[in-house]
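Okay, so here's the structure we're looking at.
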There are 2 protein chains.
Amino acid sequence: MTQKNFTIGVLANKAGVTVETIRFYQRRGLLAVPVKPLKGVRHYTEGDAQRVRFIKEGQKLGFTLDEITELLSLEEDRHCREVKVIALKKLGLIRERIESLRKMESTLSDLVERCAGNNDSIACPIIESLSQASK
Amino acid sequence: MTQKNFTIGVLANKAGVTVETIRFYQRRGLLAVPVKPLKGVRHYTEGDAQRVRFIKEGQKLGFTLDEITELLSLEEDRHCREVKVIALKKLGLIRERIESLRKMESTLSDLVERCAGNNDSIACPIIESLSQASK
DNA sequence: ATAGGCACCGTACCCAGGTACGGAGACAAG
DNA sequence: CTTGTCTCCGTACCTGGGTACGGTGCCTAT
(Lines give C-alpha, C1' and ligand atoms only; values in the text may rest on other atoms or scores of the structure.)
Protein backbone atom coordinates (compact mmCIF):
# COMPACT_ATOMS: atom_id res chain seq x y z
CA MET A 1 0.00 0.00 0.00
CA THR A 2 2.65 2.48 1.07
CA GLN A 3 5.09 0.64 -1.12
CA LYS A 4 7.01 2.99 -3.41
CA ASN A 5 7.06 1.34 -6.74
CA PHE A 6 7.46 3.47 -9.81
CA THR A 7 9.23 6.45 -11.36
CA ILE A 8 7.83 9.83 -12.35
CA GLY A 9 7.61 8.83 -16.00
CA VAL A 10 5.47 5.80 -15.16
CA LEU A 11 3.33 7.91 -12.84
CA ALA A 12 2.73 10.43 -15.61
CA ASN A 13 1.76 7.64 -17.94
CA LYS A 14 -0.61 6.00 -15.47
CA ALA A 15 -2.34 9.32 -14.81
CA GLY A 16 -2.45 10.41 -18.43
CA VAL A 17 -0.36 13.55 -18.04
CA THR A 18 3.22 14.52 -18.84
CA VAL A 19 6.20 14.44 -16.51
CA GLU A 20 6.28 18.24 -16.68
CA THR A 21 2.71 18.36 -15.43
CA ILE A 22 3.57 16.15 -12.46
CA ARG A 23 6.45 18.42 -11.60
CA PHE A 24 4.18 21.43 -12.04
CA TYR A 25 1.67 19.93 -9.57
CA GLN A 26 4.51 19.35 -7.12
CA ARG A 27 5.58 22.98 -7.37
CA ARG A 28 1.97 24.02 -6.84
CA GLY A 29 1.78 21.87 -3.74
CA LEU A 30 -0.89 19.55 -5.11
CA LEU A 31 1.39 16.56 -5.00
CA ALA A 32 4.05 15.71 -2.44
CA VAL A 33 7.61 15.25 -3.62
CA PRO A 34 8.69 11.84 -2.31
CA VAL A 35 12.01 11.51 -0.51
CA LYS A 36 14.89 11.01 -2.83
CA PRO A 37 17.35 8.29 -1.83
CA LEU A 38 20.87 9.68 -1.63
CA LYS A 39 21.64 7.62 -4.66
CA GLY A 40 18.86 7.08 -7.15
CA VAL A 41 15.55 8.54 -8.21
CA ARG A 42 12.29 9.35 -6.43
CA HIS A 43 9.62 6.66 -6.24
CA TYR A 44 5.88 7.07 -6.53
CA THR A 45 2.93 4.99 -5.36
CA GLU A 46 -0.50 4.04 -6.64
CA GLY A 47 -1.81 6.66 -4.22
CA ASP A 48 0.05 9.36 -6.12
CA ALA A 49 -1.50 8.18 -9.37
CA GLN A 50 -4.91 8.23 -7.71
CA ARG A 51 -4.27 11.78 -6.55
CA VAL A 52 -3.37 12.99 -10.04
CA ARG A 53 -6.53 11.35 -11.39
CA PHE A 54 -8.51 13.17 -8.69
CA ILE A 55 -7.02 16.45 -9.90
CA LYS A 56 -7.94 15.70 -13.50
CA GLU A 57 -11.49 14.73 -12.55
CA GLY A 58 -11.81 17.93 -10.57
CA GLN A 59 -10.74 19.94 -13.58
CA LYS A 60 -13.38 18.23 -15.69
CA LEU A 61 -16.00 19.53 -13.25
CA GLY A 62 -14.60 23.04 -13.61
CA PHE A 63 -12.60 23.33 -10.40
CA THR A 64 -9.40 25.38 -10.42
CA LEU A 65 -6.18 23.94 -9.04
CA ASP A 66 -6.59 26.08 -5.93
CA GLU A 67 -10.04 24.64 -5.33
CA ILE A 68 -8.77 21.15 -5.98
CA THR A 69 -6.04 21.71 -3.42
CA GLU A 70 -8.78 22.51 -0.94
CA LEU A 71 -10.88 19.52 -1.97
CA LEU A 72 -7.87 17.26 -1.56
CA SER A 73 -7.36 18.56 1.96
CA LEU A 74 -10.97 17.61 2.69
CA GLU A 75 -10.66 14.16 1.19
CA GLU A 76 -10.02 12.34 4.43
CA ASP A 77 -12.50 12.21 7.32
CA ARG A 78 -15.97 13.68 7.08
CA HIS A 79 -15.92 17.09 5.44
CA CYS A 80 -19.04 16.72 3.36
CA ARG A 81 -20.38 20.08 4.45
CA GLU A 82 -17.26 22.02 3.45
CA VAL A 83 -17.03 20.14 0.16
CA LYS A 84 -20.63 20.94 -0.63
CA VAL A 85 -20.03 24.64 -0.03
CA ILE A 86 -17.19 24.65 -2.56
CA ALA A 87 -19.25 22.68 -5.04
CA LEU A 88 -22.23 25.00 -4.71
CA LYS A 89 -20.04 28.05 -5.27
CA LYS A 90 -18.62 26.43 -8.39
CA LEU A 91 -22.09 25.48 -9.55
CA GLY A 92 -23.16 29.09 -9.23
CA LEU A 93 -20.18 30.26 -11.24
CA ILE A 94 -20.83 27.67 -13.94
CA ARG A 95 -24.45 28.77 -14.17
CA GLU A 96 -23.37 32.39 -14.48
CA ARG A 97 -21.01 31.50 -17.26
CA ILE A 98 -23.70 29.54 -19.06
CA GLU A 99 -26.08 32.45 -18.73
CA SER A 100 -23.48 34.88 -20.04
CA LEU A 101 -22.69 32.63 -22.99
CA ARG A 102 -26.40 32.07 -23.61
CA LYS A 103 -26.86 35.82 -23.97
CA MET A 104 -23.98 36.02 -26.43
CA GLU A 105 -25.42 33.09 -28.31
CA SER A 106 -28.82 34.70 -28.48
CA THR A 107 -27.58 38.07 -29.71
CA LEU A 108 -25.15 36.56 -32.16
CA SER A 109 -27.55 34.00 -33.62
CA ASP A 110 -30.10 36.75 -34.11
CA LEU A 111 -27.55 38.88 -35.93
CA VAL A 112 -26.38 35.99 -38.07
CA GLU A 113 -29.95 35.24 -39.02
CA ARG A 114 -30.56 38.82 -40.02
CA CYS A 115 -27.38 38.89 -42.07
CA ALA A 116 -28.02 38.04 -45.70
CA GLY A 117 -24.43 36.91 -46.12
CA ASN A 118 -24.23 38.29 -49.60
CA ASN A 119 -22.18 41.37 -50.14
CA ASP A 120 -25.04 43.27 -51.77
CA SER A 121 -27.11 44.35 -48.82
CA ILE A 122 -27.13 47.95 -47.78
CA ALA A 123 -25.33 47.29 -44.52
CA CYS A 124 -24.24 44.22 -42.58
CA PRO A 125 -26.39 43.89 -39.43
CA ILE A 126 -23.44 42.45 -37.52
CA ILE A 127 -21.17 45.37 -38.31
CA GLU A 128 -24.07 47.75 -37.70
CA SER A 129 -24.66 46.24 -34.29
CA LEU A 130 -21.02 46.53 -33.29
CA SER A 131 -20.96 50.13 -34.45
CA GLN A 132 -24.06 51.04 -32.49
CA ALA A 133 -22.34 50.51 -29.17
CA SER A 134 -25.74 50.26 -27.54
CA LYS A 135 -23.99 49.33 -24.30
CA MET B 1 -15.37 65.06 -38.70
CA THR B 2 -11.70 64.43 -39.21
CA GLN B 3 -11.02 67.13 -36.68
CA LYS B 4 -8.56 66.02 -34.02
CA ASN B 5 -10.00 67.17 -30.79
CA PHE B 6 -9.10 65.35 -27.62
CA THR B 7 -6.31 63.67 -25.69
CA ILE B 8 -5.79 60.02 -24.87
CA GLY B 9 -7.21 60.44 -21.38
CA VAL B 10 -10.45 61.88 -22.70
CA LEU B 11 -10.62 59.15 -25.34
CA ALA B 12 -10.24 56.48 -22.65
CA ASN B 13 -12.99 58.13 -20.65
CA LYS B 14 -15.35 58.41 -23.56
CA ALA B 15 -14.83 54.77 -24.45
CA GLY B 16 -14.99 53.49 -20.89
CA VAL B 17 -11.50 52.02 -20.76
CA THR B 18 -8.18 53.09 -19.25
CA VAL B 19 -5.36 54.94 -20.96
CA GLU B 20 -3.26 51.81 -20.64
CA THR B 21 -5.87 49.86 -22.56
CA ILE B 22 -5.85 52.42 -25.38
CA ARG B 23 -2.10 52.12 -25.58
CA PHE B 24 -2.39 48.35 -25.50
CA TYR B 25 -4.81 48.44 -28.46
CA GLN B 26 -2.37 50.65 -30.33
CA ARG B 27 0.44 48.19 -29.76
CA ARG B 28 -1.85 45.41 -30.94
CA GLY B 29 -2.62 47.34 -34.10
CA LEU B 30 -6.33 47.73 -33.34
CA LEU B 31 -6.06 51.46 -33.12
CA ALA B 32 -3.87 53.82 -35.13
CA VAL B 33 -1.41 56.04 -33.32
CA PRO B 34 -2.15 59.60 -34.47
CA VAL B 35 0.73 61.80 -35.59
CA LYS B 36 2.36 63.60 -32.74
CA PRO B 37 3.04 67.29 -33.30
CA LEU B 38 6.71 68.10 -32.73
CA LYS B 39 5.61 69.96 -29.67
CA GLY B 40 2.62 68.69 -27.80
CA VAL B 41 0.54 65.56 -27.40
CA ARG B 42 -1.33 63.29 -29.78
CA HIS B 43 -4.93 64.10 -30.58
CA TYR B 44 -7.82 61.74 -31.04
CA THR B 45 -11.14 61.96 -32.84
CA GLU B 46 -14.71 60.81 -32.29
CA GLY B 47 -13.91 58.11 -34.84
CA ASP B 48 -11.26 56.71 -32.51
CA ALA B 49 -13.77 56.61 -29.66
CA GLN B 50 -16.23 54.85 -31.96
CA ARG B 51 -13.57 52.31 -32.83
CA VAL B 52 -12.81 51.52 -29.21
CA ARG B 53 -16.52 51.07 -28.55
CA PHE B 54 -16.67 48.71 -31.52
CA ILE B 55 -13.88 46.67 -29.94
CA LYS B 56 -15.70 46.53 -26.61
CA GLU B 57 -18.98 45.51 -28.26
CA GLY B 58 -17.14 42.79 -30.13
CA GLN B 59 -15.72 41.46 -26.90
CA LYS B 60 -19.19 41.33 -25.40
CA LEU B 61 -20.19 39.02 -28.24
CA GLY B 62 -17.22 36.79 -27.48
CA PHE B 63 -14.84 37.85 -30.22
CA THR B 64 -11.11 37.84 -29.54
CA LEU B 65 -8.98 40.87 -30.34
CA ASP B 66 -7.61 39.08 -33.39
CA GLU B 67 -11.12 38.47 -34.67
CA ILE B 68 -12.08 42.05 -33.93
CA THR B 69 -9.07 43.23 -35.92
CA GLU B 70 -10.44 41.26 -38.82
CA LEU B 71 -13.97 42.58 -38.31
CA LEU B 72 -12.64 46.13 -38.23
CA SER B 73 -10.88 45.56 -41.53
CA LEU B 74 -14.24 44.45 -42.98
CA GLU B 75 -16.14 47.40 -41.59
CA GLU B 76 -16.01 49.52 -44.71
CA ASP B 77 -17.57 48.50 -48.02
CA ARG B 78 -19.66 45.36 -48.38
CA HIS B 79 -18.09 42.42 -46.61
CA CYS B 80 -21.22 40.89 -45.19
CA ARG B 81 -20.31 37.41 -46.36
CA GLU B 82 -16.89 37.40 -44.71
CA VAL B 83 -18.31 38.88 -41.54
CA LYS B 84 -20.98 36.22 -41.42
CA VAL B 85 -18.38 33.46 -41.74
CA ILE B 86 -16.49 34.80 -38.73
CA ALA B 87 -19.71 35.19 -36.74
CA LEU B 88 -20.84 31.65 -37.54
CA LYS B 89 -17.51 30.22 -36.44
CA LYS B 90 -17.78 32.14 -33.19
CA LEU B 91 -21.36 31.02 -32.73
CA GLY B 92 -20.24 27.42 -33.07
CA LEU B 93 -17.54 27.92 -30.47
CA ILE B 94 -19.96 29.57 -28.07
CA ARG B 95 -22.39 26.68 -28.47
CA GLU B 96 -19.61 24.20 -27.79
CA ARG B 97 -18.66 26.06 -24.65
CA ILE B 98 -22.26 26.16 -23.47
CA GLU B 99 -22.59 22.45 -24.07
CA SER B 100 -19.38 21.71 -22.18
CA LEU B 101 -20.49 23.87 -19.25
CA ARG B 102 -23.95 22.33 -19.35
CA LYS B 103 -22.40 18.90 -18.88
CA MET B 104 -20.38 20.15 -15.90
CA GLU B 105 -23.49 21.76 -14.49
CA SER B 106 -25.46 18.56 -14.86
CA THR B 107 -22.87 16.33 -13.21
CA LEU B 108 -22.13 18.79 -10.46
CA SER B 109 -25.75 19.60 -9.62
CA ASP B 110 -26.46 15.89 -9.45
CA LEU B 111 -23.56 15.38 -7.04
CA VAL B 112 -24.55 18.35 -4.93
CA GLU B 113 -28.08 17.02 -4.69
CA ARG B 114 -26.85 13.63 -3.57
CA CYS B 115 -24.60 15.21 -0.98
CA ALA B 116 -26.25 15.43 2.41
CA GLY B 117 -24.02 18.29 3.41
CA ASN B 118 -23.77 17.10 6.97
CA ASN B 119 -20.52 15.58 8.08
CA ASP B 120 -22.16 12.38 9.29
CA SER B 121 -22.71 10.47 6.10
CA ILE B 122 -20.57 7.48 5.30
CA ALA B 123 -18.86 9.15 2.38
CA CYS B 124 -19.24 12.40 0.47
CA PRO B 125 -20.59 11.64 -3.02
CA ILE B 126 -18.58 14.53 -4.47
CA ILE B 127 -15.28 13.28 -3.09
CA GLU B 128 -16.26 9.74 -4.05
CA SER B 129 -16.92 10.82 -7.60
CA LEU B 130 -13.58 12.58 -7.91
CA SER B 131 -11.82 9.54 -6.48
CA GLN B 132 -13.50 7.16 -8.91
CA ALA B 133 -11.72 8.69 -11.88
CA SER B 134 -14.34 7.17 -14.16
CA LYS B 135 -12.68 8.99 -17.06
C1' DA C 1 32.69 0.54 -19.18
C1' DT C 2 30.08 2.97 -22.02
C1' DA C 3 25.97 4.53 -24.62
C1' DG C 4 21.13 5.70 -24.50
C1' DG C 5 17.37 6.92 -22.03
C1' DC C 6 15.31 8.67 -18.08
C1' DA C 7 15.27 11.61 -13.80
C1' DC C 8 16.37 16.03 -11.55
C1' DC C 9 16.26 20.89 -11.24
C1' DG C 10 16.01 25.73 -12.17
C1' DT C 11 14.41 28.75 -15.20
C1' DA C 12 12.11 30.75 -19.12
C1' DC C 13 8.31 30.78 -22.15
C1' DC C 14 3.32 30.21 -23.93
C1' DC C 15 -1.72 32.22 -24.43
C1' DA C 16 -5.09 36.58 -23.85
C1' DG C 17 -6.02 40.70 -22.39
C1' DG C 18 -4.67 43.64 -20.13
C1' DT C 19 -2.31 46.29 -15.65
C1' DA C 20 1.54 48.58 -13.45
C1' DC C 21 5.85 51.24 -13.10
C1' DG C 22 9.03 54.80 -13.71
C1' DG C 23 11.43 58.55 -15.81
C1' DA C 24 10.92 62.41 -18.80
C1' DG C 25 8.42 65.90 -21.43
C1' DA C 26 4.23 68.95 -21.99
C1' DC C 27 0.80 72.09 -20.51
C1' DA C 28 -2.59 74.80 -17.77
C1' DA C 29 -3.65 77.18 -13.44
C1' DG C 30 -2.33 80.04 -9.97
C1' DC D 1 7.55 80.37 -12.79
C1' DT D 2 6.42 76.79 -10.32
C1' DT D 3 3.39 73.03 -9.15
C1' DG D 4 0.50 69.49 -10.25
C1' DT D 5 -1.64 66.72 -13.64
C1' DC D 6 -1.35 64.78 -18.09
C1' DT D 7 1.05 62.42 -21.83
C1' DC D 8 4.66 59.55 -23.79
C1' DC D 9 7.31 55.42 -24.00
C1' DG D 10 9.57 51.20 -22.91
C1' DT D 11 9.36 47.51 -20.21
C1' DA D 12 7.91 44.30 -16.70
C1' DC D 13 4.27 41.97 -14.42
C1' DC D 14 -0.38 39.53 -13.73
C1' DT D 15 -3.62 35.10 -13.95
C1' DG D 16 -4.03 29.78 -14.90
C1' DG D 17 -2.38 25.87 -16.35
C1' DG D 18 0.80 24.21 -18.07
C1' DT D 19 5.09 23.48 -21.84
C1' DA D 20 9.92 23.77 -23.12
C1' DC D 21 15.00 23.96 -22.50
C1' DG D 22 19.40 22.69 -21.02
C1' DG D 23 22.87 20.88 -18.14
C1' DT D 24 23.90 17.15 -15.11
C1' DG D 25 23.17 12.89 -12.55
C1' DC D 26 21.71 8.13 -12.40
C1' DC D 27 20.45 3.54 -14.10
C1' DT D 28 20.34 -0.31 -17.27
C1' DA D 29 21.67 -3.12 -21.03
C1' DT D 30 25.11 -4.52 -23.96
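Naming convention: chains lettered A, B, ... in sequence-line order (proteins, then strands); numbering from 1 in each chain.
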* Within less than 4.0 Å of OP1 or OP2 of dG17(D), is there a side-chain N or O belonging to T64(A)? -> no
* Structure fact -> To the nearest angstrom, the CD1-P distance between I22(A) and dC8(C) comes to 11 Å
* Structure fact -> Between CG of N13(A) and C1' of dC6(C) the distance, given in whole Å, is 13 Å
* To do: Considering just the side-chain nitrogens and oxygens of R42(A), establish if one lies under 4.0 Å of OP1 or OP2 belonging to dC9(C).
  => yes
* Asked: According to a strict under-4.0 Å criterion, is Y25(B) in side-chain N/O contact with OP1 or OP2 of dG17(C)?
  -> no
* **Spacing between F6(A) atom CZ and dC27(D) atom P, to the nearest angstrom** => 19 Å
* Asked: Does a nitrogen or oxygen in the side chain of K56(A) sit under 4.0 Å from OP1 or OP2 of dG18(D)?
  -> yes
* **Given DNA chain D, 5'-ward residue of the pair L65(A) and V41(A), judged by closest heavy atom** => L65(A)
* What is the distance, rounded to the nearest whole Å, between atom CG of L11(A) and atom C1' of dC6(C)? -> 14 Å
* Structure fact -> To the nearest angstrom, the CD1-P distance between I8(B) and dA26(C) comes to 17 Å
* Closest nucleotide of DNA chain D for R27(B) versus for T7(B): which of these residues is on the 5' side? -> T7(B)
* Structure fact -> 5'-most contact on DNA chain C (nearest-nucleotide basis), L38(B) vs F63(B), goes to F63(B)
* Using a cut-off of strictly less than 4.0 Å, decide whether T21(A) has a side-chain nitrogen or oxygen near OP1 or OP2 of dG18(D). => no
* Asked: Sequence neighbours excluded, which residues qualify as salt bridge (Lys or Arg N to Asp or Glu O under 4.0 Å) partners of K84(A)?
  -> none
* Looking only at side-chain N and O atoms, does Q26(B) come under 4.0 Å of OP1 or OP2 in dC8(D)? -> no
* Nearest-0.5 Å distance that lies between atom SG in C124(A) and atom CG in D77(B) -> 12.5 Å
* Whole-Å gap separating C1' (dT7(D)) and NZ (K36(B)) -> 8 Å
* d(NZ, K39(B); C1', dA28(C)) in whole Å -> 14 Å
* Asked: Between dC6(D) atom C1' and R23(B) atom CZ, what is the distance in whole Å?
  -> 13 Å
* Of the candidate nucleotides dG17(D), dC21(C), dT19(D), which contains the atom at the shortest distance from the side chain of R28(A)? -> dG17(D)
* Asked: Q59(B) has a side chain; which of dG17(D), dT19(D), dG18(C) sits nearest to it?
  -> dG18(C)
* Let me know, please, whether G40(B) or F24(B) comes out on the 5' side of the other along DNA chain C by nearest nucleotide. => F24(B)
